Amino acid sequence: MYFLENTRKPEGFGGKLMPGMMNLGHRALAWWGLAFVSPSLSAHVLDCGCGGGANGKTLLQKCPKGRAFGIDHSPVSVESSRAKNKAAIEEGRCEVLCASVEDLPFESGSFDLVTAFETVYFWPELAGNFFEIFRVLRAGGTFLICNECGAWEKVVNGMRVYRANELKARLEQAGFCGDTVQQNSWLCLTAKKPQGD
């Protein structure tokens, strides 16, 4: 397997290296993106495509009375994320599951905040996946998408870098509203599930 293919689904020896590299390489972007959301201290949050688990750990720090969940379709990433958040898992404040965004293993209205860092590039059916995110969010909850805007899709097979207007259109199809965009060489988009839904 070409090493950069592990950005989509870490596997094998190269895949075991990737989650740690993601934790380090995505740290500045993640901190920037998280500055645009203010979850409550007791929020329940979900990180989709949790990779090496660093963002889950940061979310737990932002929500010290809350709970953080992570999902990833790569068993290698799930193992790495569980290791990164071992103490919080033992305390019952964190769970990391091997699952796909196509079929999230959570009840409707479970989360105050759902995050997706450097991962929607690879989601197989974006509009349908956004419906699934919408389902698991509570009314008034926030969905945060944070990505690089570079030309990585020319390097990594199966990757698609979406423009802000493309993401907004698909979010609106799924029922989201009130989206805001921050952009430089990175893109951060937040959208709300309307109250009463």
Side-chain angles (χ1 to χ4, degrees), residues 6-10 15-101 104-106 110-123 129-130 132-133 136-137 141-150 152 159 161-162 167 182-191:
N6 281 295
T7 56
R8 180 201 307 210
K9 186 177 183 181
K16 289 185 182 295
L17 300 175
M18 188 58 71
M21 293 174 65
M22 289 176 176
N23 283 345
L24 184 62
H26 299 167
R27 181 171 50 193
L29 176 138
W31 286 4
W32 174 77
L34 285 170
F36 301 111
V37 292
S38 300
S40 72
L41 298 181
S42 59
H44 284 206
V45 298
L46 169 64
D47 186 30
C48 292
C50 60
N55 293 329
K57 191 164 190 167
T58 301
L59 287 162
L60 284 164
Q61 292 166 354
K62 289 179 77 78
C63 309
K65 297 179 181 178
R67 296 188 74 202
F69 293 76
I71 63 115
D72 204 292
H73 69 158
S74 162
V76 170
S77 292
V78 168
E79 180 182 342
S80 178
S81 188
R82 285 176 178 165
K84 184 77 171 175
N85 292 286
K86 184 174 186 287
I89 290 170
E90 290 173 351
E91 293 167 4
R93 295 190 57 229
C94 181
E95 285 186 47
V96 182
L97 306 173
C98 193
S100 170
V101 71
L104 293 170
F106 306 106
S110 294
F111 299 103
D112 303 290
L113 171 66
V114 176
T115 62
F117 293 95
E118 300 273 41
T119 183
V120 298
Y121 314 123
F122 303 115
W123 290 7
N129 300 153
F130 286 176
E132 188 65 351
I133 299 292
V136 301
L137 271 172
T142 301
F143 180 29
L144 167 73
I145 299 169
C146 202
N147 290 337
E148 293 182 51
C149 300
W152 283 102
M159 181 180 198
V161 178
Y162 293 94
L167 291 171
Q182 310 289 335
Q183 190 163 4
N184 46 41
S185 60
W186 298 330
L187 169 67
C188 180
L189 194 152
T190 57

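Worth saying up front: this structure is predicted, and the values here are computed from it rather than measured.
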Inset, instruction - For R93 and A68, indicate whether the former's side chain and the latter's backbone hold a donor-acceptor pair under 3.5 Å. - result: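 The answer is no, because no donor-acceptor pair under 3.5 Å joins these two groups.
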Inset, instruction - Please report the C-alpha distance between V96 and C50 in whole Å, then the side-chain angles of each, then the deciding distance to 0.1 Å, and finally whether the side-chain contact (heavy atoms from CB on, under 4.5 Å) criterion is met. - result: CA-CA 8 Å; V96 182; C50 60; 3.8 Å; yes
Spatial distance of atom [atom1] ([X]) from atom [atom2] ([Y]) [nearest 0.5 Å]:
X: S100; Y: E132; atom1: OG; atom2: CD; answer: 9.0 Å
X: I145; Y: T190; atom1: CD1; atom2: OG1; answer: 9.5 Å
X: E148; Y: S185; atom1: CD; atom2: OG; answer: 7.5 Å

If every non-hydrogen atom of [X] is compared with every non-hydrogen atom of [Y], which pair is closest and at what distance?
X: A116; Y: D47; result: N-OD1, 4.4 Å
X: C48; Y: I133; result: SG-CD1, 3.7 Å
X: C98; Y: S74; result: SG-C, 4.4 Å
X: A43; Y: D112; result: CA-OD2, 3.3 Å
X: G56; Y: N85; result: C-OD1, 3.9 Å

Inset, instruction - Assign the ring pair F130 / F143 to parallel, tilted or perpendicular, where the plane angle (0 to 90°) is split at 30° and 60°. - result: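 Taking F143 first and then F130, their aromatic rings stand perpendicular (interplane angle over 60°).
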Legend entry - Near-ring test Y162/Y121, centroid separation under 6.0 angstrom: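 Ring centroids of Y121 and Y162 are no less than 6.0 Å from each other.
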Legend entry - Trace of the side-chain contact (heavy atoms from CB on, under 4.5 Å) decision for C188 with W32: CA-CA 9 Å; C188 180; W32 174 77; 3.4 Å; yes
